[in-house]
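Take a look at the structure set out below.
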2 protein chains.
Amino acid sequence: MPALTIIPIDGIPEVRPGDSLADLVVDAAGAQRTPFQDHDCVVVTQKVVSKAENRLVPLDPDDAAARRELVESESVRVLRRRGDLIISETRHGFVCANAGVDLSNVDAGSAALLPLDPDRSARRIRDIVRARTGASVGVIVSDTFGRAWRTGLTDVAIGVAGIAAVVDLRGELDANGRELHVTEVAVADEIAGAAELVMGKASGLAAAIVRGLDVAWFRDASARDLVRPTAEDLFR
Amino acid sequence: MPALTIIPIDGIPEVRPGDSLADLVVDAAGAQRTPFQDHDCVVVTQKVVSKAENRLVPLDPDDAAARRELVESESVRVLRRRGDLIISETRHGFVCANAGVDLSNVDAGSAALLPLDPDRSARRIRDIVRARTGASVGVIVSDTFGRAWRTGLTDVAIGVAGIAAVVDLRGELDANGRELHVTEVAVADEIAGAAELVMGKASGLAAAIVRGLDVAWFRDASARDLVRPTAEDLFR
């Protein structure tokens with residue numbers, strides 16, 4: 001079985017509203033001599049997607065009331081509050097802290113909101129990578145979420161294009177020939193987390209290539225596949 | 001920044017109670033000419049650790065009452081029930097489905113329980129790898145858990161040795177020189193998930209090497225670091 005390689009893409013400049021993020025990623029990959037290949041999966045962080053799509057709003061970081069109001073306006077449901085922390089559900093169905101509103105790595109006095117349609121953001125990058133390089137890649141837009149019960153943050157997928165979000169192994173046989181009853185693997189989340197290992201939080205890297213994934217995973221999908229329907233969710 | 005490589009270790013034979021799993025892993029890595037290097041992180045699945053440590057108990061898979069009783073005996077607290085599914089907290093503090101009791105890839109008529117002390121299991125493997133190969137590696141024991149709010153399973157760390165579970169980036173500066181207030185990254189979970197991408201569920205692969213991680217992460221730690229204290233947990 002071949003190895004998986006995760007290649008950070010360095011040298012993406014500070015992203016400004018209106019920039020073509022896909023072009024910046026293609027240029028940076030080219031500059032470091034990492035040409036895209038078919039069945040590469042390109043992971044880009046929500047932060048640079050939000051900047052390119054001008055999902056920035058003015059916010060005084062010291063104005064707790066304004067911050068709370070902004071988080072609430074980005075939420076369709078608040079699950080928990082503790083101090084300044086709000087755990088809520090976004091319009092996309094994601095449950096996360098502060099509705100994904102983010103202050104870090106953004107210019108002082110502004111906050112970055114989640115992309116309106118992260119799948120569409122991913123598709124746009126996928127289309128431009130294909131047009132410019134000929135390579136058919138998957139694209140994941142990643143963000144950093146907390147979890148219930150476990151400390152620490154991990155990167156997960158909030159948008160996908162051309163790569164499965166969840167791979168359903170139900171019905172396949174395990175090594176003893178017994179049916180695997182439920183094995184739906186959230187591969188897009190695992191790919192996003194793997195990319196985070198090379199991007200880090202403080203280094204400002206905004207994209208990575210994951211190379212060597214199962215080619216069967218490259219297909220149409222949506223990050224909505226990762227949202228547990230409320231009726232099945234025991235913790236919402 | 002260098003790339004990360006994830007190398008599946010193939011050819012580990014069926015693990016039996018009393019086997020030295022570390023020796024099987026070292027032998028298999030040697031057979032495929034992947035000698036261990038300092039700062040490799042070796043990920044092994046809970047399933048083979050539990051088999052080697054004889055954490056197997058007889059269980060008729062069709063006896064729902066016996067299965068429920070076993071899950072309850074492995075739990076310190078039940079959070080939710082739905083049909084046959086129990087979400088509970090194990091003695092280790094992990095919240096997962098069915099207290100980690102597992103029927104797949106186990107001989108018919110038996111179930112695998114979680115290792116009693118997965119950190120110790122990881123340490124034992126780390127010690128033997130060092131004794132046999134000279135390489136100082138990190139070791140993660142991984143298991144496949146579901147999540148609140150998101151569909152699909154991901155692999156996470158239930159035991160660690162010689163590798164950080166959580167890396168605390170609080171207080172480091174982001175690319176704009178602003179303090180990152182909270183960025184504790186659950187790197188061991190991300191490493192476990194990355195390894196899962198090459199091991200898969202149906203293929204029976206039981207170990208992988210993750211090579212190229214930040215050397216600063218190689219230090220003493222415990223998977224207990226990944227358990228959110230109950231008092232801080234808004235969902236327990």
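Convention: sequence-line order gives letters A, B, ...; per-chain numbering from 1. The shown structure was predicted, so the numbers you read here are calculated from the model rather than taken from an experiment.
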Worksheet, complete the sentence: Of the listed B:G212, B:A157, B:A195, B:G146, the one with the largest count of heavy-atom pairs under 4.5 Å with chain A is B:A157
Worksheet, complete the sentence: Note: vs chain B, highest number of non-hydrogen pairs under 4.5 angstrom among A:V95, A:D214, A:T5 is A:V95
Fill in: Residues in salt bridge (charged side-chain N to carboxylate O under 4.0 Å, His left out) contact with B:R219, at least two apart in sequence or another chain
none
Discussion item. Among residues at least two apart in sequence or on other chains, which ones pass side-chain contact (heavy atoms from CB on, under 4.5 Å) with B:H92?
Written reply: B:T90, B:F94, B:L114, B:P118
Worksheet item: Does A:L153 reach the side chain of A:F145, with side-chain heavy atoms less than 4.5 Å apart?
Response: no
Discussion item. I need the contact set between residues 224-236 of chain A and chain B: heavy-atom distance under 4.5 Å, sorted by residue number.
Written reply: A:D225, A:L226, A:V227, A:R228, A:P229, A:A231, A:E232, A:D233, A:L234, A:F235, A:R236
Worksheet item: Just by distance, do the side chain of B:D19 and the backbone of B:A52 share a donor-acceptor pair under 3.5 Å?
Response: no
Fill in: Side-chain heavy atoms of A:V167 within contact of A:E184, under 4.5 Å
no
Worksheet item: Given the options B:T154, B:I7, B:I209, B:V166, which has more heavy-atom pairs under 4.5 Å with chain A than any of the others?
Response: B:T154
Discussion item. Looking at A:D189 and B:R150, is there a salt bridge between them, counting it only when a charged N and a carboxylate O are closer than 4.0 Å?
Written reply: yes
Practice prompt. Below 4.5 Å from any heavy atom of chain A, which atoms of B:R147 appear? Answer side chain, backbone, both or neither.
Written response: both
Item to complete: Using salt bridge (charged side-chain N to carboxylate O under 4.0 Å, His left out) as the criterion, list what pairs up with A:D143, not counting sequence neighbours.
Response: none
Worksheet item: Is B:K47 paired with B:D102 through a side-chain N to carboxylate O contact shorter than 4.0 Å?
Response: yes
